[in-house]
Amino acid sequence: MTAIRVLLVDDDPLVRAGLSFMLGGADDIDIVGEAADGGEVGALVDRTRPDVVLMDIRMPTVDGLAATEALRGREKAPQVIVLTTFHADEQVLRALRAGAAGFVLKDTPPAEIVAAVRRVAAGDPVLSPAVTRQLMAHAAGTDADTRRARARARMETLNEREREVAVAVGRGLANAEIAAELYLSVATVKSHVSRILAKLDLDNRVQIALLAYDAGLPEDPPGTP
C-alpha cells in the first residue's frame, strides 16, 4: 500500500507536534514536511509532493486562505483540509469555495483526523450537511440573493439527472448512496460527478455541495413526506 503523503501547516509548534504524533502512528500515512506559515507552503509542496495538506486557517504572515487559493490554482494540486477552532467561520467557507476538500476542528479526536485524511486522499469530502448549513447561515448577508440567483443559473446548465446528483452530493451522500437512491450504478454516478465538475468548472465535491446550497438545496431526499 502506498502511504498518504501529508504536509502539516500551523504556526503553533505544539499543534504540529500533536498532529505529527497522531498521524505518524498510522501505517498508511507519512508526514513529509511541516511549515509554520502559509508563505512556506509552495516551496515545500514542490519539494515534498504531498497528497494532503493540513492547513491552519489563521497564521500571522500568509494565512491558510491565501495559501489554499495559491495551491488550488496549481496543476496536480494536493488536497487541502483546513484546520480551525470554529465550526462556523467566514474564512473557512472562503477556503472551501477556493477548493479545500473539507475542514476539521483542532479538538477533533485523533482517530477522526486520521479518518479525514484518508477520506480526502481517496477523493471524498470532509464536510457534513449540518455543518454546511451552519456555514452558509453564518455567511448569509446582503449578497445572498445575488449568490442564489447566480448559483441557480449555473445549476440550470446541468441536465435533470446531473442536477439530481448535484443535490445528492450537497446532502452529503456518498456515491454508493446516490446510486441506490437514483437507481444508478456507482460507475454512472462517478461519471455524472465528473461531468458536473467539468461543466461548472469546479475542483471537487465540496464545491458542488456549496453551489447546491447557494441555489437552495432541499434538506430532505426526494419522496420524503
Side-chain angles (χ1 to χ4, degrees), residues 1-26 28-86 89-108 110 112-127 131 135 139 194 197-198 200-211:
M1 179 186 297
T2 302
I4 302 165
R5 299 170 63 81
V6 176
L7 174 64
L8 305 177
V9 186
D10 196 294
D11 63 322
D12 187 336
L14 291 179
V15 171
R16 295 199 309 274
L19 289 169
S20 182
F21 177 77
M22 72 175 70
L23 292 170
D28 57 341
I29 294 176
D30 184 14
I31 305 300
V32 296
E34 297 184 14
D37 188 78
E40 304 170 23
V41 172
L44 267 176
V45 166
D46 287 339
R47 188 162 70 248
T48 63
R49 302 294 179 186
D51 302 303
V52 177
V53 178
L54 273 173
M55 181 87 74
D56 187 15
I57 200 70
R58 286 179 172 80
M59 291 177 284
T61 306
V62 176
D63 65 20
L65 173 61
T68 297
E69 289 173 337
L71 273 186
R72 295 305 300 169
R74 294 175 167 221
E75 284 190 36
K76 297 182 179 178
Q79 297 294 335
V80 176
I81 301 176
V82 171
L83 290 167
T84 181
T85 54
F86 300 99
D89 183 279
E90 179 115 22
Q91 282 189 298
V92 172
L93 184 58
R94 287 175 62 195
L96 295 172
R97 291 190 189 282
F103 76 92
V104 294
L105 299 176
K106 290 188 179 182
D107 60 359
T108 298
E112 292 182 24
I113 293 181
V114 171
V117 169
R118 288 171 175 155
R119 283 191 63 184
V120 166
D124 294 324
V126 182
L127 191 65
V131 169
L135 281 167
S194 295
L197 292 171
L200 299 179
D201 193 25
L202 300 175
D203 287 333
N204 56 37
R205 294 169 71 100
V206 169
Q207 290 185 332
I208 295 176
L210 292 175
L211 184 67

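Because the structure is a prediction, the values reported are computed rather than measured.
- Considering only heavy atoms from C-beta on, I81 stays 4.5 Å or farther from V53 through its side chain.
- Counting only distance, with no hydrogens or angles, the side chain of D30 and the backbone of R5 share no donor-acceptor pair below 3.5 Å.
- Not a single donor-acceptor pair under 3.5 Å links the side chain of R47 to the backbone N or O of G42.
- Note that the CG atom of D51 and the CD atom of Q79 stand 9.0 Å from one another [nearest 0.5 Å].
- Side-chain atoms of L202 and L197, non-hydrogen and from C-beta on, do get closer than 4.5 Å to each other.
- Taking 4.5 Å as the limit, every side-chain heavy atom of V41 sits out of range of all side-chain heavy atoms of V62.
- Checked by atom type and distance alone, the side chain of E112 never pairs as donor or acceptor with a backbone atom of T108 at under 3.5 Å.
- With values rounded to the nearest 0.5 angstrom, R72 atom CZ is found 7.5 Å from Q207 atom CD.
- To the nearest 0.5 Å, atom CE of residue M55 and atom OG1 of residue T84 are 13.5 Å apart.
- Taking all atoms of both residues into account, the shortest heavy-atom contact from F103 to L96 is CD2-CD1, 4.3 Å.
- Contact of the P78 side chain with the L7 side chain is not registered, since no non-hydrogen atoms from C-beta on lie closer than 4.5 Å.
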Exercise for review: For side chain to side chain contact (heavy atoms under 4.5 Å, CB included), just list the numbers for K106 and D56, CA-CA rounded to whole Å, side-chain angles, deciding distance to a tenth of an Å, and then say yes or no.
Suggested key: CA-CA 9 Å; K106 290 188 179 182; D56 187 15; 3.2 Å; yes

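- Heavy atoms only, all atoms of each residue included: V82 and A100 are closest at CG2-CB, 3.8 Å.
- By the side-chain hydrogen bond (donor to acceptor under 3.5 Å, both in side chains) test, R16 pairs with E34, sequence neighbours left out.
- When all heavy atoms are compared, the tightest approach of G123 to R205 is O-CD, 3.9 Å.
- Side-chain contact check for L200 versus I208: every heavy-atom pair is 4.5 Å or farther apart.
- For A98 against D203, the heavy-atom pair with the smallest separation is O-OD2, 3.9 Å.
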Review point. Is there a side chain to side chain contact (heavy atoms under 4.5 Å, CB included) between D11 and D37 once you walk through the steps?
Key: CA-CA 6 Å; D11 63 322; D37 188 78; 6.0 Å; no

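- Heavy-atom contacts from other residues, nucleotides or ligands closer than 6.0 Å to CZ of R118 number more than 12.
- A distance of 8.0 Å separates CD1 of I31 from CG of L19, quoted to the nearest 0.5 Å.
- Note that CG of L65 is 10.5 Å distant from CZ of R58, once rounded to the nearest 0.5 Å.
- Within 6.0 Å of the CG atom in D46, the count of heavy atoms belonging to other residues, nucleotides or ligands exceeds 12.
- Between G38 and V9, the shortest heavy-atom distance links the atoms N-CG1, 4.4 Å.
- Between V104 and L83 the shortest side-chain heavy-atom distance falls below 4.5 Å.
- Interatomic distance, OG1 of T2 versus CG of D28, reported as 10.5 Å (0.5 Å rounding).
- Smallest separation of non-hydrogen atoms from V120 and A101: CG1-CB, 3.9 Å.
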